[in-house]
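Scroll down for the structure; my scribbles are underneath it.
Not measured: the values here are computed from a predicted model.
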Amino acid sequence: VQLQASGGGLVQAGGSLRLSCAASGRTFSTYAMAWFRQAPGKKREFVAAISQTTSAYYSDSVKGRFTISRDNAKNTVYLQMNSLKPEDTAVYYCAANWGIVSTTEGRYDYWGQGTLVTVSS
């Protein structure tokens with residue numbers, strides 16, 4: 001499967017953005033999907049994940065502010081980001097796993113190219 005992330009940009013603190021990740025292939029609904037992010041000088045970290053049955057999981061740092069969702073008819077997973085903070089600045093990556101949903105980076109087999117989110121203070 002190939003993943004194409006989009007929707008990043010520059011936003012002021014307190015603002016919102018919605019990221020999209022479009023997947024190729026006919027079996028999108030069988031994949032667990034996730035978003036990770038990597039801030040400058042830091043390791044990539046888990047942000048949110050959604051299972052094939054739409055159970056959602058979040059890191060503590062984004063819980064209550066970010067919402068992950070999927071539209072299997074459009075082969076797309078979304079990350080709605082509200083109340084953005086400067087510390088949310090990072091390159092955001094979507095990932096797919098043909099298996100159990102996970103918060104662990106190593107469990108994901110397919111990765112998108114990343115989209116940059118910059119939050120100004």
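Separation of atoms CG (Leu10) and CG (Leu116) is listed at 9.0 Å; rounding is to 0.5 Å. We find the CZ-CD distance between Arg37 and Glu87 to be 8.0 Å, quoted to the nearest 0.5 Å.
At least one side-chain heavy atom of Glu105 sits less than 4.5 Å from a side-chain heavy atom of Trp111. At least one side-chain heavy atom of Phe28 sits under 4.5 Å from a side-chain heavy atom of Arg70. Contact annotation: the side chain of Val101 approaches that of Tyr108 to within less than 4.5 Å [non-hydrogen atoms, C-beta and beyond]. A 4.5 Å side-chain heavy-atom check between Val117 and Leu19 finds at least one atom pair inside the cut-off. For the pair Tyr92/Leu79, a side-chain contact is recorded, criterion being any heavy-atom separation below 4.5 Å from C-beta on. The shortest distance between side-chain heavy atoms of Cys94 and Gln113 does not fall below 4.5 Å. Looking at heavy atoms from C-beta onward, Glu45 lies out of side-chain contact with Gln38 at the 4.5 angstrom threshold.
Only one option out of Val62, Leu17, Thr118 pairs with Leu84 in a side-chain contact (heavy atoms from CB on, under 4.5 Å); it is Leu17.
Ser102 and Ala49 get closest at one heavy-atom pair: O-CB, 3.8 Å. Minimum interatomic distance between Gly99 and Gln52 (heavy atoms only, all atoms of both residues): O-NE2, 2.8 Å. The minimum heavy-atom distance linking Thr30 with Thr27 is given by the pair OG1-O, 2.6 Å. Ala13 and Pro86 get closest at one heavy-atom pair: CB-CD, 4.1 Å. Considering every non-hydrogen atom in both Ala96 and Val1, the closest pair reads CB-CG1, 4.3 Å. Across Val77 and Ser69, no two heavy atoms sit closer than the pair CG2-O, 3.1 Å.
By the rule that hydrophobic residues join a cluster once side-chain heavy atoms approach within less than 4.5 Å of another member, Met81 and Val11 end up as members of one cluster. Tracing side-chain contacts under 4.5 Å through hydrophobic residues (I, L, V, M, F, W, Y), one reaches Ile68 starting from Tyr31; they form part of the same cluster. Put simply, Phe66 and Tyr93 are part of two different groups of oily side chains (I, L, V, M, F, W, Y) that touch within less than 4.5 Å, one to the next. Residues Trp35 and Trp98 fall within the same hydrophobic cluster, defined by Ile, Leu, Val, Met, Phe, Trp and Tyr side chains chained together at heavy-atom separations under 4.5 Å.
Asn97 contributes a side-chain N or O that, together with a main-chain N or O of Ile100, makes up a donor-acceptor pair within less than 3.5 Å. No donor-acceptor pair closer than 3.5 Å links the side chain of Thr104 to the backbone N or O of Gly106. No side-chain donor-acceptor contact under 3.5 Å links Gln4 to the backbone of Gly112. At distances below 3.5 Å, at least one donor-acceptor pair connects side-chain atoms of Thr89 with backbone N or O atoms of Val119. Judged by distance alone, the side chain of Gln12 and the main-chain N or O of Ser120 form no donor-acceptor pair under 3.5 Å.
Judged purely by distance below 3.5 Å, without hydrogens or angles, the side chains of Arg18 and Tyr78 never pair a donor atom with an acceptor atom. Side-chain atoms of Thr76 and Asp71 form no donor-acceptor pair, as typed in the model, at a separation below 3.5 Å.
By the 6.0 Å contact criterion, CD on Gln2 is open, its count of non-hydrogen atoms from other residues, nucleotides or ligands being 12 or less. Other residues, nucleotides and ligands contribute over 12 non-hydrogen atoms within 6.0 Å of the CZ atom of Arg44.
Asp88 has no carboxylate O lying under 4.0 Å from a charged side-chain N of Lys85, or vice versa, which leaves the two without a salt bridge.
For Phe36 and Phe46, the distance between ring centers is under 6.0 angstrom.
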